[in-house]
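Take a look at the structure set out below.
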Amino acid sequence: MTTSQEMLRQLAGIVGDKQVLTDADNKAWYTKGFRVGRGEALAVLLPQTLPQLWQTLEICVAHNAIILMQASNTGVTGGSTPDGNDYDREVVIISTRQLKGVHVIDQARQVIAFPGTTLTELEQTLQPLGREPHSVIGSSCIGASVVGGICNNSGGSLIRRGPAFTEKSLFARIHDDGRLEMVNHLGIDLGDSPEAMLKNLTEQQYQTGEHVDWQGKIWADDYADRLRDITADSPSRFNGDLRYLHDSSGSAGKVVVFAVRLPTFEASAGSDTFYIGTHDERELVALRRFLLSQMSELPLQAEYIHRNAFDLTVRYAKHMYLAIRKLGPQAIPKMMANKAKWDVRVSHVPFLPRNFVDRTLQFFNQLSPSFVAPRIMDYRSEYEHHLMIKVDVQQTGELQSLLQQFFAEHNGGFFHCNAREAADAFLVRFGVGGCTISYCDALGYNPNERLVAFDVALRRNDDVWRLVLPADLAAQVQVDSCCGHFFCYVNHQDYVLKEGVDAKAFKEAVKVYLEQRGAKYPAEHNVGHLYQASCEHVEHWKQLDPTNSCNPGVGKTSKKKYWA
């Protein structure tokens with residue numbers, strides 16, 4: 001029996017044979033990224049409990065295996081899947097999808113979240129308590145996990161709360177001598193051994209109140225003030241920001257996270273949404289500065305969509321926003337997994353095209369109406385740039401007055417959304433993140449070759465919003481999609497390139513342009529395998545994972561042991 005076979009035998013003894021996936025078809029969903037990234041793995045493990053996760057780690061470390069942690073597999077930069085097949089050790093993917101759980105503590109002012117818990121599940125847990133989490137479903141990461149957001153310093157659309165961050169977590173790390181250690185920085189006494197810690201955590205056998213260490217930050221509580229500084233010559237947030245790198249926060253899979261402690265926030269008594277349109281993005285830039293300066297409190301959300309992105313979404317990603325409307329965001333991860341399984345089955349039928357499932361979805365999308373409220377569709381026809389701003393109900397009058405004041409002197413228009421229009425506006429916005437993927441899938445394009453995506457944090461004082469490409473680069477683009485978190489000045493720009501264009505050269509040229517503008521990238525999706533990590537970011541990872549056994553190669557770093 002080979003060393004690999006012995007490792008698989010031991011792993012099966014912990015989680016069971018059915019939870020060790022070695023067949024290529026069964027592994028396919030886990031080895032291919034949502035947007036980009038694909039590679040081979042010896043096995044995919046599906047532990048059912050936190051103690052099982054710890055035991056599988058012990059076996060993987062003992063056999064010198066690479067450990068690649070994966071939660072919902074919703075990332076857009078390939079950071080939770082293998083990247084090619086040039087690793088120097090066997091790769092084992094450990095999926096945490098079954099490791100769900102939320103403990104509500106501190107009179108519902110805080111929670112402890114387990115690694116498989118999604119943002120939607122946390123939101124549903126808190127809703128009856130009149131509380132809400134740091135983040136809600138986002139444009140590109142529907143079904144994303146809470147812990148994944150912390151590991152990636154994900155930003156999200158809620159303006160007042162900044163990137164996902166906490167100094168309080170329970171995680172495992174591998175020392176430079178190969179020793180696996182459980183680190184309890186939750187601030188809660190769980191016992192002395194890993195086994196005791198996980199038993200007490202799982203069974204909620206611990207004390208809170210005066211027994212908890214309340215010192216330390218559990219969210220980016222200075223973010224709102226930072227955002228208000230509209231004259232600053234730097235972005236409001238970006239990945240690799242030293243202020244938000246701490247233990248599991250910003251770790252990008254270099255440690256194995258078992259739990260995080262996070263704040264909750266008082267739920268809004270109600271909200272109102274205003275839909276804004278204009279032909280001139282300079283008007284929106286001026287509106288952003290005006291409202292950030294004049295509003296007594298920041299809005300809840302301010303989301304941008306360009307007309308191109310709107311059209312691509314309504315044409316190619318309609319099935320996504322309709323599924324969210326009908327079934328809720330909690331149903332999307334399972335639907336995506338089922339689609340991946342059908343894609344694999346279809347690939348074995350010789351007379352069917354590989355994108356048969358996507359073609360079927362697009363046949364429905366092409367023949368069906370938009371299912372979007374008429375007033376929004378009218379604005380789509382009238383205006384190139386679209387902005388939706390959501391506020392607490394007590395802010396409605398103030399915002400309406402400020403918008404009337406602004407547009408009395410500027411070009412554009414706005415309307416106060418009814419409930420249907422508000423829901424449709426944000427459904428379309430959330431669908432934008434997948435529209436270029438759906439476009440590529442429908443036309444049979446390989447997104448790894450044709451799709452180039454930028455996640456850009458602009459300077460807070462920048463007077464330009466969109467990425468303005470030189471003519472020679474613009475000529476290489478077939479279609480483009482732009483959306484973003486407008487008040488945070490985080491721009492998500494996708495380009496589907498024409499056939500034969502060198503995607504790598506195109507991306508490098510655009511990066512030069514971004515650096516000339518003083519932008520930072522990525523803004524919130526983490527570096528994955530698409531972006532070069534900064535020296536500071538890499539140093540953080542090396543301290544966490546000196547043997548380079550967890551997610552090696554992320555941020556275009558070495559895949560070899562000890563970072564060779």
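Source: prediction; values computed, not measured.
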Using the side chain to side chain contact (heavy atoms under 4.5 Å, CB included) rule, take I67 and V61 through it: C-alpha gap first, then chi angles, then the decisive distance, then the call.
-> CA-CA 8 Å; I67 298 163; V61 170; 4.0 Å; yes
From CA spacing to verdict: side chain to side chain contact (heavy atoms under 4.5 Å, CB included), M182, F258 | CA-CA 9 Å; M182 184 73 82; F258 285 77; 3.8 Å; yes
Count the heavy atoms of every other residue, nucleotide or ligand shown that sit under 6.0 Å from [atom1] of [X], and state whether that count exceeds 12.
| X | atom1 | result |
| --- | --- | --- |
| K199 | NZ | no |
| K560 | NZ | no |
| E499 | CD | no |
| K520 | NZ | no |
| R38 | CZ | no |

How far does NZ of K18 sit from CG of N26, to the nearest 0.5 angstrom?
->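 Answer rounded to 0.5 Å: 12.0 Å.
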Gap separating the NZ atom of K217 from the OG1 atom of T166, nearest 0.5 angstrom =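 Output value for this atom pair is 10.5 Å.
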Any sub-3.5 Å donor-acceptor pair from [X]'s side-chain atoms to [Y]'s backbone N or O?
| X | Y | answer |
| --- | --- | --- |
| N184 | D189 | no |
| S558 | A564 | yes |
| R359 | G444 | no |
| Q110 | I105 | no |
| N152 | N526 | no |
| S145 | G116 | no |
| N153 | Y244 | yes |
| H537 | N239 | no |
| N491 | V456 | no |
| D494 | T436 | no |

For A442, which residues count as a side-chain contact (heavy atoms from CB on, under 4.5 Å) partner, sequence neighbours excluded?
->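 By the side-chain contact (heavy atoms from CB on, under 4.5 Å) rule, A442 matches Y316, Q362.
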Given side chain to side chain contact (heavy atoms under 4.5 Å, CB included), test L50 with L201 step by step and report yes or no.
-> CA-CA 9 Å; L50 294 181; L201 177 64; 3.9 Å; yes
Are [X] and [Y] close enough that some pair of their side-chain heavy atoms sits under 4.5 Å apart?
| X | Y | result |
| --- | --- | --- |
| I112 | I188 | yes |
| V554 | W541 | yes |
| Y439 | R315 | no |
| H492 | V432 | no |
| D480 | Q493 | yes |
| P115 | V257 | no |
| T22 | L8 | yes |
| L158 | H134 | no |

Hey, what's the ring geometry for Y521 with Y531, parallel, tilted or perpendicular (30° and 60° as the breaks)?
->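 Ring orientation of Y521 relative to Y531: tilted.
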Give me the ring orientation class for H246 and F165: parallel if the planes are under 30° apart, tilted from 30 to 60°, perpendicular past 60°.
->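 Perpendicular.
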Residue list, ring pair (Phe, Tyr, Trp, His ring centres under 6.0 Å) with F506, at least two apart or on another chain |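 Partners of F506 under the ring pair (Phe, Tyr, Trp, His ring centres under 6.0 Å) test: Y495.
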Could you list the residues that satisfy ring pair (Phe, Tyr, Trp, His ring centres under 6.0 Å) with W219, not counting sequence neighbours?
->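 With sequence neighbours excluded, W219 shows a ring pair (Phe, Tyr, Trp, His ring centres under 6.0 Å) to F265, given in chain and number order.
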Not counting sequence neighbours, list each pair that qualifies as a salt bridge (Lys or Arg N to Asp or Glu O under 4.0 Å) and has a residue in residues 62-91.
->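 Applying salt bridge (Lys or Arg N to Asp or Glu O under 4.0 Å) to every pair that reaches into residues 62-91, excluding sequence neighbours, yields D83-K559, D86-K559.
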Summary of salt bridge (Lys or Arg N to Asp or Glu O under 4.0 Å) pairs that have at least one residue in residues 241-263, sequence neighbours excluded =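 Those involving residues 241-263 are D222-R243, D241-R243, K254-D545.
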May I have the list of side-chain donor-acceptor pairs in residues 171-180 shorter than 3.5 Å, sequence neighbours left out?
| residue | atom | partner | partner atom | Å |
| --- | --- | --- | --- | --- |
| R173 | NE | L544 | O | 3.3 |
| R173 | NH1 | H175 | ND1 | 3.2 |
| R173 | NH1 | H175 | NE2 | 3.4 |
| R173 | NH2 | Q543 | O | 2.6 |
| H175 | NE2 | E181 | OE1 | 2.5 |
| D177 | OD1 | R179 | N | 3.1 |

Any side-chain donor-acceptor pair under 3.5 Å between Q127 and E123?
->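 Judged by distance alone, the side chains do not pair up.
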What's the shortest heavy-atom distance between [X] and [Y], and which atoms?
| X | Y | value |
| --- | --- | --- |
| L245 | G250 | CD2-CA, 3.9 Å |
| P47 | V15 | CA-CG1, 3.9 Å |
| A259 | L186 | O-CD2, 4.2 Å |

Side chain to side chain contact (heavy atoms under 4.5 Å, CB included) between T264 and L122: does it pass, once the steps are laid out?
-> CA-CA 10 Å; T264 70; L122 178 56; 5.9 Å; no
For the pair E508 and K511, find out whether any cationic side-chain nitrogen is under 4.0 Å from an anionic carboxylate oxygen.
->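 Salt bridge present between E508 and K511.
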